[in-house]
Amino acid sequence: MDIRKKITFTYVALSTFSTLLLSIIVFVLFRENNRYHFLKRLEDRAKIVASIHFQHDPEKIKYYRNLKKNGLEELIEEEEYVLKINSANSFDYNTKLNLPNKFYSNILATGKDYFEVNSKYYLGQVFTESSQKYIVIIGARDRRGKTTSIYIIKILLFGGIGFILLAFFLGRFLAKKVINPVARITKEVNRISASNLHNRLPAVKNSDEISDLTKTFNDMLDRLETSFEIQANFINNASHELKTPITTIIAEAEIMLLKEREVAEYVESLQNIYSQASRLGNLTESLLKLTQTGYDGNKQVLDIARIDELLLEVKSDLDKIYPDNRVSIKMNFAPKDSNLLLIPCNKPLLELAVNNIITNGVKYSDNNEVFVTLSANQDAIKISINDIGIGIPPEDIPHLYEPFFRGKIAAKYIGYGLGLPLASKIIRMHDGEIQVQSEQNKGTIVTIIFKKINPKKANIKKSNVES
């Protein structure tokens with residue numbers, strides 16, 4: 001049974017139960033109300049009967065009889081009995097009455113009681129006349145009460161059936177309204193395949209479970225698209241980039257093995273092989289790092305780091321690799337509240353990304369000055385990296401994040417075209433973005449913006465920061 005039918009039948013079942021419960025309550029209350037009013041009529045009749053019995057004036061007796069006959073509504077199968085009470089537990093019994101002893105006992109004890117048998121009511125009440133007590137018993141059948149009870153049962157029965165039918169259609173409408181967004185998501189998901197992973201589900205503005213489901217699925221598509229991009233780039237480009245050093249190594253070895261050579265020739269050949277092997281090792285390491293950034297936040301986000309400390313560590317690493325570098329880190333715009341500098345991250349990967357971008361600034365400015373500026377507020381953390389190097393031609397900017405892409409003016413510098421794509425994947429993994437502004441022969445400004453995330457909501461397995 002599909003969910004739509006389950007919702008419909010569940011709604012109908014709950015509506016049926018509610019209707020049945022309400023009908024029982026209404027019927028019980030209606031019946032009790034009928035009984036109350038009928039017993040009040042019997043009480044009035046008992047008072048009239050007692051007045052007739054106690055009067056010795058013929059005119060008054062005639063008056064009460066006319067009142068009973070014409071002034072009060074006629075009772076069905078009416079019976080009247082006046083029983084003299086002899087003592088606390090004794091009275092004149094009438095053999096025509098077939099009523100239980102408990103009925104009489106209650107009358108003697110409380111002064112009034114009633115008994116019902118086969119829709120016929122007997123009301124007994126104690127009256128006193130000249131210090132003598134009497135039990136007046138009035139019996140009558142509540143035919144109107146029975147008729148109205150049957151009538152209300154019919155109303156409740158047919159009304160309940162009608163309401164259940166209405167509940168069925170309302171349940172179907174409710175199920176359709178609830179399931180339609182999920183069905184729409186399913187339909188859209190079925191259209192997405194490996195060939196069109198760029199497609200996304202339409203955003204839902206309402207902040208409910210369907211909106212969360214849509215956002216979660218779109219986030220998953222982001223991760224999948226990134227993984228597919230990495231795989232496709234690796235397959236398409238790695239073979240081409242790896243082929244050159246491997247071919248060179250094989251060719252150099254084959255030439256050396258053709259005949260015996262002088263020691264100097266072997267040394268030169270080994271140096272060439274070492275150079276190509278080093279290039280192959282660096283390229284392979286870069287490709288593996290690029291592949292490891294699979295945009296899976298559940299595995300990658302491990303730490304909470306202070307971004308200012310991370311920048312200082314990157315600068316320390318640069319000082320070891322490029323001792324004469326001219327990188328300046330400016331903290332003028334950093335906030336006094338250190339909590340604004342905290343970021344959930346994979347610290348080693350984030351250091352690698354920032355290091356790659358700053359290193360590019362150093363390399364492509366021929367070790368000229370590179371300014372790194374840090375700022376932060378409640379909404380975001382911003383890192384600006386400004387160099388005065390060769391710049392980037394406008395036609396190259398759209399291809400900056402493609403693995404192995406290198407612009408024409410950057411070809412004279414050693415590199416593989418993997419640093420910026422790798423940094424882009426890592427920053428994207430941390431809900432960040434890169435903005436590049438550049439003018440050829442004047443320099444480049446790379447701005448990294450991280451959206452602030454509540455650390456409690458991030459998937460953090462351990463923390464390297466003590467608050």
Side-chain angles (χ1 to χ4, degrees), residues 285-286 289-290 292-293 297 300-389 415 418-437 443-455 458 460-467:
E285 183 181 2
S286 297
K289 288 180 178 178
L290 182 63
Q292 287 171 357
T293 59
Q300 302 293 352
V301 178
L302 304 174
D303 313 309
I304 297 180
R306 279 185 56 162
I307 200 70
D308 55 343
E309 294 178 357
L310 186 143
L311 287 176
L312 293 175
E313 290 178 16
V314 169
K315 178 66 167 64
S316 176
D317 293 337
L318 279 173
D319 290 341
K320 296 175 183 177
I321 301 173
Y322 303 102
D324 57 344
N325 74 82
R326 301 173 66 187
V327 175
S328 300
I329 298 179
K330 297 183 177 182
M331 304 285 187
N332 301 356
F333 301 100
K336 294 181 180 180
D337 185 1
S338 60
N339 290 326
L340 296 178
L341 298 172
L342 297 178
I343 179 173
C345 65
N346 182 313
K347 191 175 180 182
L349 280 181
L350 192 57
E351 283 183 358
L352 176 63
V354 176
N355 190 310
N356 281 348
I357 296 174
I358 297 177
T359 300
N360 281 347
V362 173
K363 181 167 63 175
Y364 293 115
S365 67
D366 295 319
N367 201 25
N368 212 323
E369 288 184 318
V370 176
F371 302 100
V372 181
T373 305
L374 172 64
S375 62
N377 55 34
Q378 295 287 349
D379 301 318
I381 296 174
K382 184 185 293 185
I383 303 172
S384 180
I385 302 161
N386 186 5
D387 68 63
I388 49 177
L418 292 173
L420 196 55
L422 175 60
S424 172
K425 301 297 182 186
I426 295 172
I427 291 170
R428 183 182 175 188
M429 182 187 76
H430 290 84
D431 286 329
E433 62 174 322
I434 298 180
Q435 298 174 355
V436 178
Q437 296 174 291
T444 303
I445 300 175
V446 178
T447 304
I448 306 171
I449 301 174
F450 296 104
K451 300 175 184 177
K452 292 301 289 293
I453 301 175
N454 188 343
I460 303 164
K461 296 182 181 177
K462 61 182 179 179
S463 174
N464 294 336
V465 177
E466 293 184 0
S467 313

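These numbers come from the heavy atoms of this one structure, side chains and all, not from hydrogens, waters or symmetry mates.
Between Leu312 and Arg306, every side-chain heavy-atom pair lies at or beyond the 4.5 Å cut-off. Residues Ile427 and Ile357 have side chains in contact (heavy-atom distance under 4.5 Å, counting atoms from C-beta outward). Considering only heavy atoms from C-beta on, Ile307 comes within 4.5 Å of Leu350 through its side chain.
Qualifying ring pair (Phe, Tyr, Trp, His ring centres under 6.0 Å) partners for Phe450, counting only residues two or more places apart in sequence or in other chains: none. By the salt bridge (charged side-chain N to carboxylate O under 4.0 Å, His left out) test, Lys315 pairs with Asp319, sequence neighbours left out. Not a single side chain to side chain donor-acceptor pair (under 3.5 Å) links Asp317 to another residue, sequence neighbours left out. Shown here are the side chain to side chain donor-acceptor pair (under 3.5 Å) partners of Glu313, two or more places apart in sequence or in another chain: Lys347. With sequence neighbours left out, the side chain to side chain donor-acceptor pair (under 3.5 Å) criterion links Asn332 to no other residue. Partners of Asn386 according to the side chain to side chain donor-acceptor pair (under 3.5 Å) rule, which considers only residues two or more places apart in sequence or in another chain, do not exist here.
Listed here is the closest heavy atom pair of Ser384 and Ile445: OG-CG2, 3.7 Å. When all heavy atoms of Ile385 and Ile448 are compared, the closest pair comes out as CD1-CD1, 4.2 Å. Of all non-hydrogen atoms in Ile329 and Leu311, the two that sit nearest each other are CD1-O, 3.4 Å. Pairing each heavy atom of Thr447 with each of Ile449, the nearest pair is CG2-CG1, 3.9 Å. Heavy-atom minimum distance, Ser365 versus Val362: OG-O, 3.3 Å.
Applying the salt bridge (Lys or Arg N to Asp or Glu O under 4.0 Å) rule to pairs touching residues 325-339 yields Arg326-Glu369, sequence neighbours excluded. Screening residues 323-350 for ring-ring contact (aromatic ring centres under 6.0 Å, His included) gives no qualifying pairs among residues at least two apart or on separate chains.
To the nearest 0.5 Å, atom CD1 of residue Ile383 and atom CD1 of residue Ile434 are 10.5 Å apart. Taking CG from Asp366 and CG from Asp387, the interatomic distance works out to 10.5 Å, rounded to the nearest 0.5 Å. Considering CG of Leu318 and CG of Asn355, their distance stands at 5.0 Å, rounded to 0.5 Å.
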Donor-acceptor contacts under 3.5 Å from residues 370-378 side chains, at least two apart:
unit_1 : atom_1 : unit_2 : atom_2 : d
Asn377 : OD1    : Asp379 : N      : 2.8
Asn377 : OD1    : Ala380 : N      : 2.9

Evaluate the side-chain contact (heavy atoms from CB on, under 4.5 Å) criterion for residues Thr444 and Val436: first the C-alpha distance (whole Å), next the side-chain angles of each, then the deciding distance (0.1 Å), finally the verdict. CA-CA 7 Å; Thr444 303; Val436 178; 4.0 Å; yes
